[in-house]
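Every value quoted in this text rests on a predicted model; they were computed, and no experiment measured them. Computed from heavy atoms alone, side chains included, the values below leave out hydrogens, waters and symmetry copies.
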Number of protein chains: 2
Amino acid sequence: MNRPSALTADLSLMRELNRALVLQLIRREGRISRADIAKHTKLSRSTVSSIINDLIDASLVTETGIGTSKGGRRPIILEFNYQANYIIGLDVSRNAVSAVITDLNARICSRRQISFNVNDGPTVGMPLIKQLISTMLTESPVGRGRISAIGVGVPGPLDFRNGRTIAPPVMPGWDNVPIREELSQTFRLPVSIDNDANLAAMAEYRWGAGQGAQNMVYLYMSSAGIGAGLIIDSHLFRGSIGSAGEVGHTTLSVENDESFGPINAGSLEALASQITVLRLAREQKLISADDDVHTLVRKAESSPEIQAILRRTAHYLGVAIASIINIFNPDRVVIGGVIPETSPLLIETIRATVARRALSIAVNNTSIVPGALGRNVAALGAAALATERLFAPPALERPATLGVHSNEVGSLAS
Amino acid sequence: MNRPSALTADLSLMRELNRALVLQLIRREGRISRADIAKHTKLSRSTVSSIINDLIDASLVTETGIGTSKGGRRPIILEFNYQANYIIGLDVSRNAVSAVITDLNARICSRRQISFNVNDGPTVGMPLIKQLISTMLTESPVGRGRISAIGVGVPGPLDFRNGRTIAPPVMPGWDNVPIREELSQTFRLPVSIDNDANLAAMAEYRWGAGQGAQNMVYLYMSSAGIGAGLIIDSHLFRGSIGSAGEVGHTTLSVENDESFGPINAGSLEALASQITVLRLAREQKLISADDDVHTLVRKAESSPEIQAILRRTAHYLGVAIASIINIFNPDRVVIGGVIPETSPLLIETIRATVARRALSIAVNNTSIVPGALGRNVAALGAAALATERLFAPPALERPATLGVHSNEVGSLAS
DNA sequence: CATGTTTGTTTGTTGTCTTGACAAAGTACC
DNA sequence: GGTACTTTGTCAAGACAACAAACAAACATG
């Protein structure tokens with residue numbers, strides 16, 4: 001039922017597809033002429049002209065000047081109008097809600113953060129969230145009318161059929177809250193919602209360390225826990241009920257041949273989360289009680305004890321990543337969060353563990369890199385998701401297989 | 001590069017899409033009238049008529065009778081002509097090559113097997129494979145002219161850009177052999193090639209225990225090792241270089257807090273493969289040297305020692321499956337191979353281990369079942385892949401996201 | 001200045017789907 | 001049996017999107 005039903009093709013669909021095709025090309029290329037679009041897309045010049053007229057009328061594209069001649073008439077340069085619309089991106093974490101307003105190219109033009117306690121539950125939390133959105137809408141440098149979508153990230157899995165939270169352990173009291181519906185009705189804007197790891201993955205994929213990847217795994221070491229976002233052929237993969245990538249609760253298989261029950265080594269989250277790292281360092285008096293992760297990473301340079309903690313953490317992460325690589329065969333693994341993004345030691349140790357534990361063919365074709373977008377990843381991703389939604393071509397049936405074929409003989413169906 | 005370049009939409013594409021749409025509906029429904037097709041596809045009745053005429057001309061569809069009235073004129077029943085073409089499916093295993101000829105609905109109408117030693121390398125092996133195909137072509141009950149595609153399964157990963165083997169450990173000497181090209185040129189037929197686990201997954205998904213699933217994981221316990229095939233939204237997922245699902249070489253994480261190196265517990269394949277199970281049973285004199293897996297499963301009923309071996313094996317498999325479920329969130333896990341398909345103990349133990357080790361939300365939405373197709377799965381899958389290829393609609397760009405959206409407000413691009 | 005090239009637009013053609021009308025063949029009810 | 005209504009399938013007319021070819025504008029080259 002949730003399966004994307006195959007669309008019937010008619011003329012309007014054709015137009016939609018070609019318009020999306022042209023639009024995506026312009027977004028990717030930046031500056032391009034009608035003639036070049038025709039060459040890239042293999043559409044005729046007249047068709048391109050017609051589509052461009054539509055897009056200019058919708059003010060999604062603008063003519064920004066005249067290019068240089070290639071031996072004939074000079075081309076008119078077209079550019080995507082990134083300021084045609086603006087998007088609000090929200091990131092709900094355990095103790096704060098941060099919001100950004102971005103243009104269609106993820107340039108942040110406004111940013112705001114409120115403190116927040118997720119444990120207060122939705123009756124306290126939802127009004128705060130709405131209040132923040134309201135403030136962003138009214139006080140933003142761009143007019144309210146030009147903000148055209150809202151994206152929201154929450155820590156934990158969602159029922160993605162109706163945009164409700166589902167009993168997330170990190171969000172006590174937030175069971176089955178129709179966040180999407182409420183916000184959509186209050187603000188009369190399209191609302192996209194997803195969990196923070198997925199959104200951060202989206203952001204890194206489009207604008208950060210994941211650019212150009214085909215299949216990407218994003219591991220998110222946030223203040224709330226550890227999650228993963230999977231991107232397959234440029235698209236977020238959520239699994240059957242939306243819990244794909246929930247690696248945080250995996251018990252790292254720790255056992256020996258004699259006993260079958262899991263030795264109580266706990267979950268990946270318990271062993272390798274940011275909270276655990278801080279706790280261990282504090283217990284050993286390596287940092288003070290109010291030092292944060294940034295301090296920890298800085299002090300690590302001169303502290304072999306902290307380095308040992310980080311190595312151990314990295315090792316656990318590496319084991320999880322090795323499993324993911326064997327199963328998933330991504331060409332890039334991006335590891336996000338303050339510690340991975342600032343501590344070279346962590347990344348290097350992860351690489352070493354993965355090299356030992358994953359299938360060598362797969363490892364050799366996978367680069368493991370830290371995230372590149374810093375503190376606002378998830379909010380940016382929320383904006384990214386909402387943006388993508390605005391320009392998504394219609395969903396069509398994918399080809400029935402992705403197998404290996406000889407193309408020397410035509411298909412029957414053609 | 002390999003990324004499916006977005007197709008430009010024109011009138012012929014429109015027709016192709018709609019034709020594929022109608023064809024798939026007929027294949028799925030079995031018996032259906034033009035009017036019902038129009039209702040399901042939301043195409044107009046006249047368009048459906050036109051498309052059906054094309055399909056009847058191509059003899060892919062036939063009018064097979066008159067249905068019952070629903071208060072008006074009685075409908076003409078259309079059926080897919082499963083005997084319009086036939087497919088050869090090959091399964092290359094370590095010590096045999098088996099082949100089937102199937103109609104377009106996977107009904108086997110001819111079957112043959114030759115003994116084979118994969119260690120002899122391609123100079124000996126390829127002629128044998130070609131010989132087998134030749135025999136199937138000439139001696140088949142259907143004429144050679146009606147066989148329209150060949151599918152091949154090999155044990156091990158492939159470079160799926162050019163259909164060559166890539167240094168599979170189980171196929172020494174078979175590095176970089178252009179199997180697809182050779183067969184395609186020799187027999188002048190389209191050739192599809194893939195690894196056996198992927199093909200078996202395909203077969204179970206279409207005709208076996210995976211029917212109706214959305215995201216399916218297939219674990220294949222073959223004589224050559226352990227592999228997995230992943231099906232996402234009805235389509236095989238192969239990863240970036242085609243090694244997705246290669247779980248066999250994963251080192252089951254066995255370690256304790258003191259040491260970081262992997263304790264030499266070996267790979268999943270070493271711990272839980274069919275070969276290992278047989279070896280353990282033989283070492284303990286529980287079966288004789290020439291007993292096979294069928295005997296083993298039968299004797300297990302009265303042998304607590306064999307049961308212990310199976311429980312242990314199931315436990316290892318369960319650990320691997322739990323990881324896969326956490327990462328992938330499938331709604332079905334199918335476990336294929338002789339032992340899983342005949343030993344209830346194995347499946348039940350796997351279920352128990354998975355229930356303890358995987359995220360409960362995900363486990364509750366995942367059914368774990370044995371394979372249903374028996375010994376010819378992989379060959380059937382090879383035929384399935386080749387068949388799908390014949391009727392695959394053209395590849396279009398997928399929508400940019402699969403995120404969660406409010407549909408209350410339209411998109412900009414429409 | 002003549003020639004050729006590149007860019008963008010205009011015009012007429014083609015192919016596909018849809019709409020609405022229609023015939024054929026049935027049911028339901030009087 | 002007759003009339004009204006349904007359902008199925010076909011046909012002709014119209015809409016629409018892309019294409020091909022011709023054309024105009026603007027430029028490079030010799």
Quiz item: Is there a donor-acceptor contact under 3.5 Å from the side chain of B:N81 to the main chain of B:T62?
Solution: no
Exercise. Name the first nucleotide and the last nucleotide along DNA chain D (5' to 3') that come under 4.0 Å of a heavy atom in chain A.
Key: D:dC16 to D:dA28
Self-check item: Which atom of B:L189 lies closest to which atom of B:A149, heavy atoms considered
Solution: CD2-N, 4.3 Å
Exercise. Locate the shortest heavy-atom distance separating A:F80 from A:I26; write the atom from each residue and the value.
Key: N-CG2, 3.5 Å
Self-check item: Contact residues, residues 67-80 of chain A to DNA chain D [heavy atom, < 4.0 Å]
Solution: A:S69, A:G71, A:G72, A:R73, A:R74
Quiz item: If every non-hydrogen atom of B:P75 is compared with every non-hydrogen atom of B:S33, which pair is closest and at what distance?
Solution: CB-CB, 3.4 Å
Quiz item: Judged by atom type as modelled, is there a donor-acceptor pair below 3.5 Å linking the side chain of A:N215 to the main-chain atoms of A:D233?
Solution: yes
Exercise. Would you please say whether a donor-acceptor pair under 3.5 Å links the side chains of A:S44 and A:S46?
Key: yes
Exercise. Spell out, as yes or no, whether a donor-acceptor pair under 3.5 Å connects the side chain of B:Q211 to the backbone of B:G208.
Key: yes
Might you list the N or O atoms of the protein lying below 3.5 Å from N or O atoms in nucleotides 13-20 of chain C, with each pair's distance?
residue: C:dC17; atom: OP1; partner: B:N18; partner atom: ND2; Å: 2.7
residue: C:dC17; atom: OP2; partner: B:R15; partner atom: NH1; Å: 2.4
residue: C:dT18; atom: OP2; partner: B:S44; partner atom: N; Å: 3.0
residue: C:dT18; atom: OP2; partner: B:S44; partner atom: OG; Å: 3.1
residue: C:dT18; atom: OP2; partner: B:T47; partner atom: OG1; Å: 3.0
residue: C:dT19; atom: O4; partner: B:S46; partner atom: OG; Å: 3.2

Exercise. Answer whether the closest heavy-atom distance between the side chains of A:T47 and B:T8 falls below 4.5 Å.
Key: no
Exercise. Keeping the roles fixed (side chain from B:R238, backbone from B:D194), state whether a donor-acceptor pair exists under 3.5 Å.
Key: no
Self-check item: B:D331 side-chain N/O to B:Q214 backbone N/O, donor-acceptor pair under 3.5 Å
Solution: yes
